[in-house]
Every structure is written in structure tokens, then in C-alpha cells.
Amino acid sequence: MQNATLHQLKVFEAVARHSSFTRAAEELFLTQPTVSMQVKQLSKTVGLPLFEQVGKRLYLTAAGKELYSTCRDVFERLDQFQISVADLKGLKQGTLRLAVVTTAKYVIPRILGPFCQRYPGIDVSLTVTNHQYVLDSLADNRDDLYILSQLPDDSDAHCEPFMENPLVVLAPRTHPLAHEKNIPISRICEEPFIMREPGSGTRKAVQKLFDAHGLPLKVKLDLGSNEAIKQAIAGGMGLSVLSKHTLALEGLNNQLTILDVEGFPIERSWYVVHPSGKQLSAIAKAFYDYLMNEGKQVAEATSLLGMEQQQPQKVEV
Ligand code: PGA
């Protein structure tokens, strides 16, 4: 068993518990072929089959039963170890303070779910606000961690990207441009445009792109909320540019569509940020590590959107 990995044992344990490759794949956010491959390799290492299929049902073999009970012991011991370590690190209780930009509210609460289950004694204070206000909180050291898509040039902050946050052009599904390909960016300036409020990072990124092309937008409305902008687009008030993640829960329903415009999506990433010299609490450090290691996977598993498989973009600060 020296060659068996903990990951293979985890996959095997989930298949055995559910008596199903499909349900194990769903639970672990893996594809079914990956799960089958891991079990196949494990059974090769053991030297005996671990499952047998009778009709539609999957049964553990004698070797499978032995391994299943061993896995349960191993994982129980590991869970106990994790709790002991958490206690030692002071993760049993306390508050995690997060300040995030409005686009991040579409993923951070979903990422927080499994984290809070892992550390049930922890309370979370989550402030959702725009880019400028998050920068103000960072400058005042009001929170533990900050989530931003754009960083101040002069900030003495430690920052690390954890997930892509592309900005796309949204229109009503019935819009005449809805089925066009490679729409010139100048064409967007002929349409009424709905813009986020001053201080918004989304607004900054949109303005930067159109300014770089020397193109003025016909801004008809300023709105301080992504949700209100989506409603205004659906109501035919104009086009807008928002994070693709603003569609995470409903996906592309029958009201809105993403236009295929030259220069889009605007590729951006979310960064987890804290002042360089700040000593993170055990809770903040645990959340930071969790976000970097598992955040993207958890967010994507619960989103209705197909996000491109890209690496978050690194910047030097
Ligand atoms: P905003 O920031 O909420 O200030 O628009 C979002 C972002 O920059 O992704």
C-alpha cells in the first residue's frame, strides 16, 4: 500500500459510501472517468478488485470491505488531528472579518459555506461594498482580509490572485446585436450605456478600456448595484459591462445575453489582500489558505456558468 495516495483513498471511500461512482464524483467535484481511474489504480496497488457490479448495483468485494473500514479509521484519525491542530491554532472560535467588492459577493458566500462547516465555532463579518470603500477599509486596517480586482499602485499590500473575474458586455436577449460575431467596440458607443457608480472597480476597468480606444460611451444611467443594472438591461434601458459572475446563480436566463464584442471579456482576477506587515489571526490565515487551495474549485462547482479554465493573472505590486 506504500504507493496508494491519500487522494485515491478519499475517492475510494466516497464511492464505497455512496455505492456509486457518479455520486462520489459529484461530491468530490471530479469527473466520473477521473473517479474510475483513481479506483482502478488503487485496486491495481492492492492487487485485488475492490468493487463488483451485479446488475445495476455496485458491491464491495471482501478486499474492498477491508479497505473501506481501514479508510474510515484513517479519515477519522485525520479529522481528529485536524480538530486538535485547529484548537492549538485558536480556530475554535472567533470572527473572520472580510471586506469584498460587489462582484465577489457572487462567489465568496458560496466559498464560505464549506469553510464555516469545517470551523463551526467561527463567526463571519462580510462587508460587501465597492472598490473605493474596500480600499478605504484596507487603509484603515478595519478587516482581516480584503477581496479586490484592481490594486492601488502605491499600496503596501500583500496580494495574491485566486480566481478569474472577467467583465463581459451584457444586453437584452432580444437586442439586434445578440447574434452578431466580433462586434466592433465602437459599435457599443452607439448604444445607451448603464454604468456603475464612481468609486466602482468595474467602472474603472470599463472606462480604462474605452479611453484606451479613444471612444466615449453614451452613459444614460449610473447605478450602484450589479443587480439593479441587470434589471435595467432586461428592461431595455441599455447595455452594460459587468462581471460574468453576476450571472452565477441564474446562468444566462432568457432575459440577458453576453455580446461577442472585440476586446472582451476584459480579463481580470480577484485578489486576496492584506497589509504587508499585518500578522494574520489563525482564523484569517486558515481562510487565506483555504481560499487559495480550494476557493476556485468550490465556487465553480456551484456556479451555473462555464468559466474558462484560465490561471488567475499575477501582477507585481
Ligand atoms: P466594484 O468592483 O464592485 O467596485 O465594481 C468590482 C471589481 O472590481 O471586480
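F75 and Y119 are not part of a single hydrophobic cluster, where members link through side-chain heavy atoms under 4.5 Å apart. Hydrophobic clustering (side-chain heavy atoms under 4.5 Å, transitive across Ile, Leu, Val, Met, Phe, Trp, Tyr) groups L209 together with L177. By the rule that hydrophobic residues join a cluster once side-chain heavy atoms approach within less than 4.5 Å of another member, V39 and M1 end up as members of one cluster.
Side-chain atoms of T257 never come within 3.5 Å of backbone atoms of A178 as a donor-acceptor pair (strictly under, hydrogens ignored). A side-chain donor-acceptor contact under 3.5 Å links D144 to the backbone of R97.
Ring centers of Y146 and Y133: at least 6.0 Å apart, outside the cut-off. Annotation: F287 is in aromatic contact with F115 [ring centroid separation under 6.0 Å].
Shown here are the side chain to side chain contact (heavy atoms under 4.5 Å, CB included) partners of H7, two or more places apart in sequence or in another chain: T5, V11, L30, Q38. Checked against salt bridge (charged side-chain N to carboxylate O under 4.0 Å, His left out), R142 has the following partners two or more places apart in sequence or in another chain: D140. Annotation: salt bridge (charged side-chain N to carboxylate O under 4.0 Å, His left out) contacts of E76 (sequence neighbours excluded): none. Shown here are the salt bridge (charged side-chain N to carboxylate O under 4.0 Å, His left out) partners of D222, two or more places apart in sequence or in another chain: R203. For E13, the salt bridge (charged side-chain N to carboxylate O under 4.0 Å, His left out) test picks out R17, R72, with sequence neighbours left out.
The only option from V124, I122, D123 that meets the side chain to side chain contact (heavy atoms under 4.5 Å, CB included) definition with C116 turns out to be V124. For the side chain to side chain donor-acceptor pair (under 3.5 Å) criterion with N226, the lone passing option out of K105, R196, H245 is R196.
In this structure, NZ in K181 is found 10.5 Å from CG in L259, a value given to the nearest 0.5 Å. Within the model, atoms CE of M163 and CD of E300 stand 4.5 Å from one another, a figure rounded to the nearest 0.5 Å. If you take CZ on F51 and CG on L42, they are separated by 9.0 Å, rounding to the nearest 0.5 Å. Between the OG1 atom of T202 and the CE atom of M195 there is a distance of 10.0 Å, given to the nearest 0.5 Å. Residue L242 holds its CG atom at 10.0 Å from CG of L223, rounded to the nearest 0.5 Å. The distance from atom NZ of K244 to atom CG of L170, rounded to the nearest 0.5 Å, is 10.5 Å.
In the displayed structure, E66 atom CD is contacted under 6.0 Å by at most 12 heavy atoms of other residues, nucleotides or ligands. Around the CD atom of E190, the shell of radius 6.0 Å holds more than 12 heavy atoms that belong to other residues, nucleotides or ligands. Enclosure of atom CE in M292 by more than 12 non-hydrogen atoms of other residues, nucleotides or ligands within 6.0 angstrom is indicated. More than 12 heavy-atom neighbours from other residues, nucleotides or ligands sit within 6.0 angstrom of NZ on K278.
In this structure, the side chains of K230 and T246 come closer than 4.5 Å at one or more pairs of heavy atoms. For the pair T95/I283, no side-chain contact is recorded, criterion being any heavy-atom separation below 4.5 Å from C-beta on. By the 4.5 Å heavy-atom criterion applied to side chains, E262 and I183 are not counted as neighbours. Taking the side chain as every heavy atom from C-beta outward, L221 and M237 approach each other to under 4.5 Å.
Counted by atom type alone, Y271 and H158 present zero donor-acceptor pairs between their side chains at under 3.5 Å.
The nearest pair of heavy atoms linking L239 to A171 is CD2-CB, 3.4 Å.
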Exercise. Can S149 and N165 be said to form a side-chain hydrogen bond (donor to acceptor under 3.5 Å, both in side chains), step by step?
Worked result: CA-CA 8 Å; S149 306; N165 177 24; 3.0 Å; yes
Problem set entry | Worked verdict on L98 versus L96 for side chain to side chain contact (heavy atoms under 4.5 Å, CB included) | CA-CA 6 Å; L98 299 174; L96 170 67; 4.0 Å; yes
For this session: Decide yes or no on side chain to side chain contact (heavy atoms under 4.5 Å, CB included) for L28 and T34, but give the supporting numbers first.
Result: CA-CA 11 Å; L28 298 170; T34 308; over 6 Å; no
For this session: Report the C-alpha distance between E27 and K10 in whole Å, list the side-chain angles of each, state the deciding distance to 0.1 Å, and finish with yes or no for salt bridge (Lys or Arg N to Asp or Glu O under 4.0 Å).
Result: CA-CA 11 Å; E27 178 183 302; K10 241 184 185 171; over 6 Å; no
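A salt bridge does not link R23 to E26: none of the charged nitrogens lies less than 4.0 Å from a carboxylate oxygen. E191 has no carboxylate O lying under 4.0 Å from a charged side-chain N of K220, or vice versa, which leaves the two without a salt bridge. Remark: K285 engages D289 in a salt bridge, criterion side-chain N to carboxylate O under 4.0 Å. Salt bridge E164/K296: present, at least one basic N to carboxylate O contact under 4.0 Å.
A perpendicular orientation is assigned to the rings of F12 and Y68, their planes being inclined by more than 60° (bins at 30° and 60°). Aromatic ring orientation, F264 versus F210: tilted (interplanar angle from 30° to 60°).
The stretch residues 40-58 participates, sequence neighbours left out, in these side chain to side chain donor-acceptor pair (under 3.5 Å) pairs: Q8-Q41.
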